[in-house]
Amino acid sequence: MSRFLPLTIRFVSGGTMVVEAKKALAGTWKNKEAPDYLKAARLVDDAIAGTCRPAVAFAAFKKAAAQQGLLKEAAPSAALTMLDELWSRSKVPPS
């Protein structure tokens, strides 16, 4: 699933790691029996096997990680910040 940007995961133990979905699923989660975790694990395996679209598996993974409070907010990239500044300048009426 390397075509996706990695996520920063904050594990229950307090550590953080930038990972891909398969590696993150092997880490310490609050509840590995939660239905959304189990679904994400199955879909990630299916995507690796080629029987599920990676985008579907990744969305399920992100949902499970968010529900368990494992996603860490990331600051916008420098490029996105520059685009936001350019866009906001274009919204200012000319004087």
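Start at 1 with the first residue, then count along the sequence. Quick caveat, the model's predicted, so the values are computed rather than measured.
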Next on the checklist: Which residues pass the side-chain contact (heavy atoms from CB on, under 4.5 Å) test with Ala66, not counting sequence neighbours?
Outcome noted: Leu71
Checklist entry - So how far is it from Lys32 NZ to Gln68 CD, rounded to the nearest 0.5 Å? => result 10.0 Å
Checklist entry - Should Leu25 and Phe61 be marked as a side-chain contact (heavy atoms from CB on, under 4.5 Å) after you check the CA-CA gap, both sets of side-chain angles, and the distance that decides it? => result CA-CA 8 Å; Leu25 288 167; Phe61 168 78; 3.9 Å; yes
Item to check | Minimal non-hydrogen separation, Leu43 against Ala60, with atom names | outcome: CD1-CB, 3.6 Å
Next on the checklist: If you define the side chain from C-beta out and look only at heavy atoms, does anything of Asn31 sit under 4.5 Å from Tyr37?
Outcome noted: no
Item to check | Polar side-chain atom of Trp29 near backbone of Ala24 as donor-acceptor pair, under 3.5 Å | outcome: yes
Item to check | Pairs touching residues 75-85 that satisfy salt bridge (Lys or Arg N to Asp or Glu O under 4.0 Å), sequence neighbours left out | outcome: none
Checklist entry - Under the side chain to side chain donor-acceptor pair (under 3.5 Å) test, which residues partner Asp45, sequence neighbours left out? => result Lys22
Item to check | Non-neighbouring partners of Asp46 that pass side chain to side chain donor-acceptor pair (under 3.5 Å), sequence neighbours left out | outcome: none
